[in-house]
Structures are given as structure tokens and as C-alpha cells.
> 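The following block contains the structure, expressed as C-alpha cells.
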Amino acid sequence: MADQRSLDRVVIRFAGDSGDGMQLTGDRFTAETAAFGNDIATLPNFPAEIRAPQGTLHGVSSFQLHFANFDIVTPGDRPDVLVAMNPAALKANLKDLPNGGVIIVDTADFTARNLKKIGWETNPLEDGTLSNYSVHQLDLTGLAQCAVEGFGLGRKEASRTKNMFALGLLSWMYSRPVDGTLRFLSEKFAKIPEIRDANIAAFKAGHAYGETTEAFEFQYTVDPAPVPKGRYRQVSGNLATAYGLITGAHKAGLQLFLGSYPITPASDILHELSKRKDLGVMTFQAEDEIAAVGAALGASFAGSLGVTTTSGPGMALKSETIGLAVMTELPLVVVNVQRSGPSTGMPTKTEQADLLQAMYGRNGESPLPVLAAKSSTDCFDTALEACRIAVKYRTPVIMLSDGYLANGAEPWKLPDLSQIAPIEPNFATELNGTDAKGAEAFLPYKRDEDTLARAWAIPGTEGLEHRIGGLEKADGMGHISYDPDNHEKMTLMRRAKLRAVAQDIPDIEIDDPSGEAKVLVLGWGSTFGPITAAARRVRLSGRNVALAHLRHLNPMPANLGELLHSYDKVVVPEMNLGQLAVVLQARYAKPITRYSRVRGLPISLTELEVDLNAEIDETEKEAK
């Protein structure tokens with residue numbers, strides 16, 4: 001019987017071939033961990049190929065979960081436990097494991113041929129390569145095959161249950177609940193009884209193996225994390241985005257129309273919204289990105305809330321139609337789930353390199369609001385905010401997420417929808433002015449004094465016929481105009497409307513407990529987690545550092561310039577080569593220290609901690 005030990009936190013990484021079910025295994029372990037009450041953060045990592053060559057390094061798929069009995073903000077830099085299903089998975093992930101880390105390795109595929117395929121001349125299980133780690137060598141494949149004998153499966157099908165055996169073993173090892181997984185397997189494979197029963201048997205066998213074998217000295221517990229009262233569920237960033245869009249349309253009393261073309265890592269938003277016909281959602285899977293955004297803008301013209309979802313390459317194709325939305329001044333929400341580029345880049349890896357594209361990537365003077373979510377759960381609030389601004393100000397809005405947020409998961413407290421303010425579309429229903437001859441008329445470009453939003457009339461509303469299109473409009477009437485003075489007036493008007501959005505943006509909040517920090521770390525998007533975690537460590541060592549985070553990137557909070565100039569040094573960590581830093585330095589004439597990482601992975605909180613301490617040292621030295 002293993003001894004019981006209590007831990008505050010654990011980081012586990014499941015790794016194997018892209019066909020080994022590592023994403024499913026990690027997701028199930030995460031679901032049970034969330035149900036148990038731990039705080040969680042996840043990092044799925046998988047190849048772009050649908051099925052990469054088996055046993056190769058670039059075909060390795062992994063799923064990392066960080067769970068704890070306290071509030072956490074990242075999936076962790078380095079795993080405490082690595083579950084490796086083959087030699088390639090071990091080699092690809094070994095460099096991330098700290099000395100003393102636990103390795104549970106499936107020995108079944110450690111043949112000379114498979115080792116040579118990944119550049120190992122000798123067997124690392126025998127040559128001392130793993131001497132600095134706590135290693136458990138198990139024939140997971142063989143154990144799983146034995147567990148499912150009698151279910152009529154072939155050898156290959158039987159071996160595929162090894163991920164469930166591993167899940168059962170880890171569920172025992174970390175005292176995870178099992179009922180949810182058993183129920184999940186029963187439902188998922190309900191139509192294939194032999195597969196259902198075999199996976200359940202493998203899962204139970206793995207759990208029993210942990211209980212009965214003497215291979216494991218300890219069984220661990222991680223107590224639930226204290227959280228505010230309420231109903232919680234596990235949610236990914238893409239799922240939270242979908243729910244935020246649905247809520248935004250509902251609060252505006254509009255039908256949500258999604259025009260989209262499948263693209264990694266944004267496709268899950270399309271998948272989720274396509275299931276929500278019961279909530280009045282209409283989805284259109286277009287033949288390409290241009291058709292998708294065109295359909296979404298057409299839906300807004302017709303009186304719906306038009307939304308389109310994509311990633312960087314798709315944004316490039318949508319830019320002309322987004323400019324058309326700026327010209328026609330119609331609501332449109334554009335969700336860009338960023339990935340590594342340029343061009344096709346690394347489709348399954350994360351990055352923040354589309355900021356300048358979002359802010360300036362259109363022809364002409366075509367400003368629009370840009371927002372960025374800071375966490376997977378914050379995707380809900382950011383999507384809702386994007387809907388509100390788009391409808392209220394009659395403008396396209398770009399919401400930035402990224403692959404890390406989109407695929408990662410966190411516990412989410414379900415919001416009280418009754419506490420979310422309604423969004424008033426204020427459709428035009430009657431004539432609102434006079435034409436050049438003094439007759440009563442509908443002026444589609446007559447504006448609200450506060451928001452500068454133009455009148456929005458649904459086509460078919462009697463008496464409110466009007467012109468719309470990509471050519472410049474005469475102010476008020478909306479007729480086509482080539483008058484130089486009118487063009488300048490309308491250009492300035494579109495800029496002024498963006499500035500009007502700023503009146504709804506709250507001041508940026510500063511986290512500076514001591515009030516004595518000389519260094520400010522300013523983040524945007526998914527850098528929130530690593531920045532927050534690194535700053536916690538810096539403060540625990542007795543140093544002072546201030547934090548602030550931007551959701552609204554265009555326009556920016558009114559007090560941002562004053563805040564930047566109140567600190568000796570401003571460090572901006574980004575998963576790009578310093579795009580926000582360039583904008584801030586140009587806009588506020590404040591020197592900005594860039595902190596750039598473009599590895600296709602979230603910024604390392606451990607590296608950032610070390611580098612923040614170095615920046616603080618340098619600032620203190622300069623002050624003397």
C-alpha cells in the first residue's frame with residue numbers, strides 16, 4: 001500500500017504519437033481535476049499534420065496540465081511528471097523535465113529501429129540517460145492488451161487502449177475522481193459496445209495497477225482550491241468566445257450570424273456555434289475567408305449581428321471587407337485566434353504577431369477598435385465587449401485571442417446573465433432629417449451626438465431606403481461623393497468615432513502593492529499569465545515590481561500615457577518582436593524595453609522572473 005502525501009501543486013505532461021490519444025487523455029484528467037475543485041490551467045501541444053509519421057519527433061503530441069490548491073495563472077513551464085508513450089515522446093520532452101522529475105514510460109516501442117529513427121544509438125532506459133530522474137518503466141501497451149482480452153479486439157485496436165490504462169494509473173496516483181471518465185467513455189462509445197467496454201476495462205485496470213503494484217511508493221493528494229461561491233465549469237478560450245458572442249447577440253436582441261471558414265486554431269468556435277440553432281444562432285461555413293466575412297457583413301446590413309472567425313492568414317484575406325465595414329459603418333465582430341506565422345507558419349503553435357495587422361492592416365485611413373483577451377475565461381468577457389462596442393458605435397471590432405488561450409482550459413464561474421447590461425441596437429424606424437430640397441428624408445449618415453454612430457436601418461423598412469457601399473459617402477445623405485472636403489471630413493469623422501469609443505473604456509488599473517516599484521511590466525493578451533506568475537515570484541523574493549494589463553489596444557485607456565511616464569522603466573513582454581512596444585513608444589514618447597519571445601509557446605515565467613530581476617537591478621543601479 002502506497003503512502004499518502006499531500007502536495008500544493010503538480011504539473012503533468014502526457015506525450016505520445018499524434019494517434020495515441022494524448023489530447024483526450026489530458027482532457028479527461030483535466031475534467032476530473034476541475035470537478036474535484038482544483039484550480040487548473042492547460043497547454044495542449046500537437047503537430048499540424050493530421051497524422052504525422054509514427055514514432056518521429058515532429059509527430060509528438062502532448063497535453064500539459066497544471067493543477068493546484070491555490071489560484072494559478074499558467075500551465076507551468078516544466079512538468080513534474082512526464083508520461084511518455086514512446087521513445088520520440090521521451091526525447092522531445094525530456095529537456096523540459098527538471099532533475100528529480102518523475103517519468104512514467106511505456107517500454108513497448110523501445111526497439112533498436114524506433115530508437116534509431118529519432119537519433120538514439122543506445123537505449124536511454126539502459127544507458128544512464130535517465131539517471132537524474134525518478135523513472136517507472138512499464139509495458140503500458142502490454143498491460144492494456146492483457147486488460148482487454150476477451151473483448152474481441154485485434155492486437156492493434158487493443159494497444160490503442162493504453163492511453164486509458166495510463167489515465168487510470170495517473171487517476172489513482174493523484175487521487176482523481178473516476179465516475180466522470182467512466183460515464184464519458186460509456187457515452188462516447190455507446191454505439192460500439194466492444195470499444196466502450198475495452199476502454200472502461202483498460203481504465204479500471206490502470207487504476208487497479210496503481211493500487212496493487214509496489215512500483216509506486218506514494219499516492220498524492222492535491223486539495224481543492226478556495227474559490228468564490230458559484231457554479232463552475234471547465235472552459236476553453238474558443239468555447240468561452242462562442243458563449244460571449246451568443247450572449248452579446250442575446251443582450252442586443254439580434255440574431256447571431258457567423259460567417260466562417262475552418263482554420264486552425266479558430267475552428268472550434270464555428271463548431272460550437274453550429275450546435276446552437278436552439279439559441280437562434282445561424283452559421284454559414286463559406287467556401288473561403290473572403291466569402292465568410294462578406295456574408296457576415298451582409299448579415300449586419302440586414303439587421304443581424306455579423307461575426308467572422310479566423311486566424312492570421314484569414315485576416316489578410318478579410319482585410320478589404322473589414323475596410324468596407326469601416327466605410328459603411330456597420331457592426332461586425334472579427335475574431336482573430338492568432339497563430340505562428342508568417343504565411344502558413346506553424347498552424348498549431350501560438351503567437352501574438354498580428355497586432356499591427358489588426359490595428360493598421362487595411363488600405364486608407366480605416367481605424368477600428370481592437371481588443372485582446374487575457375485568459376481562456378476572459379475570452380467570454382472580451383467577446384461580449386466586442387459585441388457591445390460594435391453595435392453601439394456601428395463599427396467593425398477586432399478581438400484578438402491566440403492558440404494558447406483558444407485550446408487551453410480554466411475553471412469558469414458561470415455569469416449571472418441578469419447582471420449583464422442590455423445592448424441597444426436603436427434601429428432607425430422613421431425619417432430623421434431633410435434632403436437638399438427641404439423635404440423630409442432618411443439620412444443614413446446622420447449621427448448620434450455622443451457616439452457618432454450613424455443611423456442603422458434594416459433594409460425593407462418602409463421609407464428608409466438608402467445607399468450603401470464602398471465608395472465615399474456624402475455626410476448625412478450618404479450619396480456617393482468625390483468632393484475633397486467631404487472626404488477629409490468623413491475621414492476625420494471615422495477617426496473621431498474611434499476616439500468616442502474611448503469614453504467607454506475604463507482607466508487601466510495598476511497593481512503596485514508597495515507603491516515603490518520603479519519598473520512597470522505592461523502586458524496584453526495571453527502574456528497576462530506568465531507576467532502575473534513571474535511577478536509573484538519576484539515579490540516573494542522581496543523585490544518591487546508593478547503590473548498593468550491592456551484589454552483595449554485601440555483606442556487605449558485615457559490614463560495610459562500618464563501611467564507609463566510615472567515609472568523609470570516599462571517592460572513589455574510579447575510573443576512577437578515588440579509590436580505593442582513600437583506603438584507605445586511612438587504614441588507616448590516613452591522609451592519601452594522590449595521583451596520578445598517567438599518560439600510558438602507561451603512566455604516562460606521562470607525566464608521572465610530572472611529577467612525581471614535583472615531589469616530591476618539595472619534600474620536601481622542607474623538611479624544611484
> Checking Asp416 against Ser418: is there a side-chain donor and acceptor pair closer than 3.5 Å?
yes
> When you measure from the side chain of Thr241 to the backbone of Gly237, do you find a donor-acceptor pair of N or O atoms at a distance under 3.5 Å?
yes
> Can you confirm whether Phe67 sits close enough to Asp39 that some side-chain heavy atom of one is under 4.5 Å from a side-chain heavy atom of the other?
no
> For Val326 versus Pro396, what's the shortest heavy-atom pair and its separation?
CG2-CG, 3.6 Å
> Heavy-atom count check: over 12 atoms from other residues, nucleotides or ligands less than 6.0 Å from Glu49 CD?
yes
> Do NZ/NE/NH1/NH2 and the carboxylate oxygens of Arg388 and Asp504 come within less than 4.0 Å?
yes
> Between Asn432 (side chain) and Leu443 (backbone), is there a donor-acceptor pair under 3.5 Å?
yes
> Can you confirm whether Lys489 is buried at NZ, in the sense that more than 12 heavy atoms of other residues, nucleotides or ligands lie under 6.0 Å from that atom?
no
> Distance from Leu270 atom CG to Phe284 atom CZ, nearest 0.5 Å?
11.0 Å
> To the nearest 0.5 angstrom, please state how far the CG atom of Leu324 sits from the CG atom of Leu330.
8.0 Å
> Using only heavy-atom distances, determine whether the side chains of His552 and Glu385 contain a donor-acceptor pair under 3.5 Å.
yes
> Can you see which heavy atom on Leu498 is nearest to which on Pro555, and at what distance?
O-CG, 3.5 Å
> Does Met282 have more than 12 heavy atoms from other residues, nucleotides or ligands lying within 6.0 Å of its CE?
no
> Measure the shortest side-chain to side-chain distance between Thr308 and Phe257 over non-hydrogen atoms and say whether it is less than 4.5 angstrom.
no
> Looking at Leu564 and Leu520, what are the two nearest heavy atoms and their distance?
CD2-CD2, 4.1 Å
> Decide whether a cation-pi geometry holds between Arg597 and Tyr595; the criteria are a distance under 6.0 Å from NZ or CZ to the six-membered ring centre and an angle within 45° of the ring axis.
yes
> Do the side chains of Arg536 and Asp71 get close enough for a salt bridge, i.e. N-O under 4.0 angstrom?
yes
> Output the distance between atom OG1 (Thr247) and atom CG (Leu384), rounded to the nearest 0.5 Å.
6.5 Å
> Kindly give the heavy-atom pair with the smallest separation between Ser311 and Ile263, and that separation in Å.
N-CG2, 3.7 Å
> Under 3.5 Å, side chain of Asp268 to main-chain N/O of His271, donor-acceptor pair present?
no
> Could I get the full list of ring-ring contact (aromatic ring centres under 6.0 Å, His included) partners for Tyr393, not counting sequence neighbours?
none
> Under the 3.5 angstrom rule, does the side chain of Ser376 hit a backbone N or O of Gly408 as a donor-acceptor pair?
yes
> Would you say the side-chain atoms of Asn238 pair up with the backbone N or O of Pro265, donor to acceptor, closer than 3.5 Å?
yes
> May I ask you to decide if Asn486's main-chain N or O and Asp483's side chain share a donor-acceptor pair within less than 3.5 Å?
yes
> Less than 3.5 Å apart, any donor N or O on the side chain of Glu574 or Trp524 sitting next to an acceptor on the other?
yes
> Kindly determine whether Lys446 and Asp475 satisfy salt bridge (charged side-chain N to carboxylate O under 4.0 Å, His left out), including the steps that lead there.
CA-CA 8 Å; Lys446 184 174 181 179; Asp475 189 27; over 6 Å; no
> Is the number of heavy atoms from other residues, nucleotides or ligands within 6.0 Å of NE2 (His466) greater than 12?
yes
> Considering only heavy atoms from C-beta outward, does the side chain of Lys497 approach that of Thr451 to under 4.5 Å?
no
> Test Glu365 against Arg494 for salt bridge (charged side-chain N to carboxylate O under 4.0 Å, His left out), laying out the working first.
CA-CA 8 Å; Glu365 295 286 349; Arg494 288 185 283 267; over 6 Å; no
> Quick check: are there more than 12 heavy atoms from other residues, nucleotides or ligands sitting under 6.0 Å from CZ of Arg233?
yes
> How long is the straight-line distance from OG of Ser596 back to CG of Leu577, given to the nearest 0.5 Å?
5.5 Å
> Heavy atoms only: give me the nearest Ala373-Leu405 pair and the separation to one decimal.
O-CD1, 3.4 Å
> Can you tell me if Lys349 and Asn45 form a side-chain donor-acceptor pair at under 3.5 Å?
yes
> Pick one: which of Lys473, Arg454, Arg447, Arg394 meets salt bridge (charged side-chain N to carboxylate O under 4.0 Å, His left out) with Glu329?
Arg447
> With under 30° as parallel and over 60° as perpendicular, where do the rings of Phe528 and His549 fit, or are they tilted in between?
perpendicular
> Taking side chain as C-beta onward, heavy atoms only, is Ile389 less than 4.5 Å from Leu371?
yes
> When you check the side-chain N and O atoms of Thr350 and Gln338, is any donor under 3.5 Å from an acceptor?
no
> Counting distance only, does the side-chain N/O of Gln64 pair as donor-acceptor with the main-chain N or O of Gly76 below 3.5 Å?
yes
> Under a 3.5 Å cutoff, is there a donor and acceptor pairing between the side chains of Lys374 and Ser526?
no
> Mark yes or no for whether Gln579, through its side chain, and Leu356, through its backbone, hold a donor-acceptor pair below 3.5 Å.
yes
> Is any side-chain heavy atom of Leu580 closer than 4.5 Å to a side-chain heavy atom of Leu553?
yes
> State, yes or no, whether a side-chain contact exists between Glu430 and Phe442 at a heavy-atom distance under 4.5 Å.
no
> Any chance the side chains of Thr377 and Glu410 put a donor and an acceptor closer than 3.5 Å?
yes
> Ile508 versus Met556: any side-chain heavy-atom pair under 4.5 Å?
no
> Any luck finding a side-chain donor-acceptor pair between Ser260 and Thr309 under 3.5 Å?
yes
> Working note: Phe380 + Trp412, criterion ring-ring contact (aromatic ring centres under 6.0 Å, His included); need CA distance, chi angles, decisive distance, verdict.
CA-CA 10 Å; Phe380 174 86; Trp412 180 47; 5.2 Å; yes
> Restricting to non-hydrogen atoms, name the atom on Leu254 and the atom on Phe427 that form the minimum distance, rounded to 0.1 Å.
CD2-CZ, 3.5 Å
> Judged by modelled atom types alone, do Thr527 and Gln352 share a side-chain donor-acceptor pair under 3.5 Å?
no
> Quick one: list whatever passes ring-ring contact (aromatic ring centres under 6.0 Å, His included) with His479, sequence neighbours left out.
none
> Check step by step if side chain to side chain contact (heavy atoms under 4.5 Å, CB included) holds for Thr593 and Glu615.
CA-CA 9 Å; Thr593 299; Glu615 294 291 350; 3.7 Å; yes
> Given side chain to side chain contact (heavy atoms under 4.5 Å, CB included), test Leu560 with Leu584 step by step and report yes or no.
CA-CA 9 Å; Leu560 180 58; Leu584 293 175; 3.8 Å; yes
> I need the Glu351 CD to Asp402 CG distance, nearest 0.5 Å.
9.5 Å
> Under the 3.5 angstrom rule, does the side chain of Asn554 hit a backbone N or O of Leu368 as a donor-acceptor pair?
yes
> About how many Å separate CG of Leu245 and OG1 of Thr382, when rounded to the nearest 0.5 Å?
10.5 Å
> Just wondering, do Pro602 and Leu43 contact through their side chains at under 4.5 Å, heavy atoms?
yes
> Okay, side chain of Lys590, backbone of Tyr567: is any donor-acceptor separation there less than 3.5 Å?
yes
